[in-house]
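Following: one structure in structure tokens, then a few remarks.
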Amino acid sequence: MDTTKRADVPGGDDLPGEPVSLWLATTPETDFPQLKSDLSVDVAIIGGGIAGITTALLLKERGAKVAVIEARRIAASVTGNTTAKVTSQHGLIYDHLVSQFGMEGAQAYADSQQAALEKIASLVEANRIDCDFTRTNAYVYTEEEDELKRITAEVEAATKLGLPASYVETTPLPFEIKGAIQFSNQARFHPRKYLLALARKIQGDGSNIFEETRALDIEEEDSTCRVATDQGVVKAGKVVIASHFPFYDHGMYFARMHPKRSYVLGCRLSGEAPEGMFITSDAPFHSFRSNPLETGGEIWMVGGENHKTGQGGDTREHYTNLERWARERFDVETIEYRWSTQDNVTVDRVPYIGKASSGSEHLFVATGFGGWGMTNSTVSAIILSDLVLGRENAWSSLYDPNRFKPLTSVKDLVVENVDVAKHFVGDRLSVKEEESVPDLMEGEGRVVELDDEKVAICKLEGGATHAVSATCTHMGCVVAWNGAEKSWDCPCHGSRFNYDGTVIQGPANKDLKKVSLNDKE
Ligand code: FES
């Protein structure tokens, strides 16, 4: 296979591994066309990750003409940087769901997640997709005696809901644990091999995928919507926003979820990797699983070091911490890849899937997958392909973005917004005023005030200096330097910009303004 390694992150530093995910490193780059002229379709889908691609496919299979609009390249952003666990086991969640949503709500979650797992399996089989799809067990384990109570409560809740759960005291891991919950017959796969095959089925017969076409605005009219992009207008009867964090936010999503980042190392072990997918139940969070390589052997993924976006301190340390932790636990021979990803966590841990706002007839949204994007995105596709076509769906009320009845959600909502307000005000006040452009070390980035303007300046390895406005184009918070990924990250709602100010990740959809340092000397 022709493989092209692609990374947004410039290398040249001393962190372990190449700065690219296993998935991107081992699949060809896509080259779907840009939108060239205005177009009319039944459904426009904004975002070409697993949620957008799967929704588009299910709608096309039911006779709709669809257009997927992707700002960059499909299956390359969050989906290209996942650890791709296909499981209904989402940490310890079922005991929480029973207490927050009752048995009925928890049952809808369990059933929909298991159905998503089987939907992926059936798509793989029906389309004969060669994507390393392998059935395996999933574990949440603890090494702490105190944590066993939570594990056993989860086993009890999951078993009552009919999930394939059991309590175990040993796992295939090469170290002892206190106890674990095991879900049997779950799955792992190569997400890009899977999605590139699905994408090929979308293109044609009046349906299209457009890459490098950024959606800028949506106008909802009586019976149709106009999606304005930087390449032209797409008119559609319905629009699905599957752009990770919704860029078009009439549902106040920015106030009811928070973005978090996490890090992954792709290692070669000296022996065979343990079979299964594993996460810790207790802090600090870690996860691991393997995937085969076409060239032989396998990559053992070790993930962890979560933090809220833009609030991770020196982000380079997260990779070095992860490397230390991985080498303490496993016989790591080499580290081949490193990558990071971003997830949106909702206030009650259930994604927002459905009508984008209560007054909206034509706009739908899928977001807030909380790190469990493989099945949650497929649940989104199943629900939205019903709702968009005016059909009922038995799971839709649990995931309804316009819920917000449980009191705990309201409390958590306030906490989220206090955090954002703290950054909105506090970060502005803490920016230091400088008389002249500061002298930075290679790899360093800093926000300073020069001539009454907040400027984000970084110096890459090799010496190139870039300066951009430090004011996030979403809602005006001050961005923070992410030294590991060479990006400017917003602590308020998780927008990310490359070192040169171009948008990597929304909700922002405009680049940071470039600043000339010659005018500031
Ligand atoms: Fe909302 Fe930056 S992402 S202000």
Side-chain angles (χ1 to χ4, degrees), residues 8 46-47 49 71-72 77-78 81 214-218 241-262 306-313 315 340-347 352 356-357 365 367-370 401 412-431 445-449 453-458 467-482 485-515:
D8 286 322
I46 300 170
R72 305 174 87 211
S77 185
V78 176
N81 290 285
R214 183 174 292 281
L216 299 174
D217 198 10
I218 304 170
I241 305 170
S243 55
H244 198 234
F245 204 118
F247 81 100
Y248 175 87
D249 194 344
H250 283 200
M252 301 277 287
Y253 292 93
F254 60 81
R256 46 193 175 112
M257 44 185 196
H258 74 259
K260 72 174 169 73
R261 296 196 63 69
S262 56
N306 296 355
H307 63 78
K308 280 192 174 178
T309 302
Q311 304 180 35
T315 48
S340 63
T341 194
Q342 185 156 311
D343 298 299
N344 296 319
V345 183
T346 68
V347 291
Y352 303 133
S357 64
V365 74
T367 189
F369 299 158
D412 293 345
L413 193 79
V414 171
V415 172
E416 290 301 338
N417 286 303
V418 166
D419 188 61
V420 168
K422 192 181 82 192
H423 284 283
F424 190 79
V425 179
D427 292 354
R428 285 160 175 278
L429 297 176
S430 64
V431 175
R446 217 187 291 169
V447 173
V448 294
E449 187 162 319
E453 185 177 11
K454 291 180 178 50
V455 185
I457 310 173
C458 67
V468 292
S469 164
T471 304
C472 176
T473 55
H474 178 230
M475 292 175 74
C477 289
V478 174
V479 296
W481 179 237
N482 176 342
E485 317 302 336
K486 313 289 187 287
S487 64
W488 294 104
D489 298 355
C490 182
C492 286
H493 315 108
S495 290
R496 296 185 60 234
F497 305 86
N498 214 340
Y499 57 84
D500 62 359
T502 51
V503 178
I504 301 174
Q505 196 148 15
N509 62 4
K510 290 194 189 73
D511 298 342
L512 297 175
K513 182 170 64 78
K514 294 209 183 338
V515 172

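Each ligand, and each atom within it, is numbered from 1 in the order the structure gives. Side chains included, hydrogens not; waters and symmetry mates left out as well; all remaining heavy atoms used.
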Provide the number and element of each atom of ligand 1 under 4.0 Å from a heavy atom of [X].
{"X": "C477", "answer": "4 (S)"}
{"X": "C472", "answer": "2 (Fe), 3 (S), 4 (S)"}
{"X": "M475", "answer": "4 (S)"}

I'd like to know: is atom 2 (Fe) of ligand 1 within the 2.8 Å range of an N/O/S atom from C490, strictly under that distance?
yes
Give me each pair satisfying salt bridge (charged side-chain N to carboxylate O under 4.0 Å, His left out) with a member in residues 505-514, each pair once, sequence neighbours excluded.
E453-K513
Show me the pairs that pass salt bridge (charged side-chain N to carboxylate O under 4.0 Å, His left out) and involve residues 488-497, at least two apart or across chains.
D489-R496
Looking only at heavy atoms, is any part of S495 under 4.0 Å from ligand 1, and if so is it the side chain, the backbone, or both, or is it neither?
both
Less than 4.5 Å apart, side chain to side chain, heavy atoms only: is that true for W481 and K486?
yes
Parallel under 30°, tilted from 30 to 60°, perpendicular over 60°: which one fits the rings of H493 and H474?
perpendicular
So the angle subtended at atom 1 (Fe) of ligand 1 by H493 atom ND1 and H474 atom ND1, rounded to 10 degrees, is 100°
For the cysteine pair C477/C492, does the gap between the two SG atoms stay under 2.5 Å?
yes
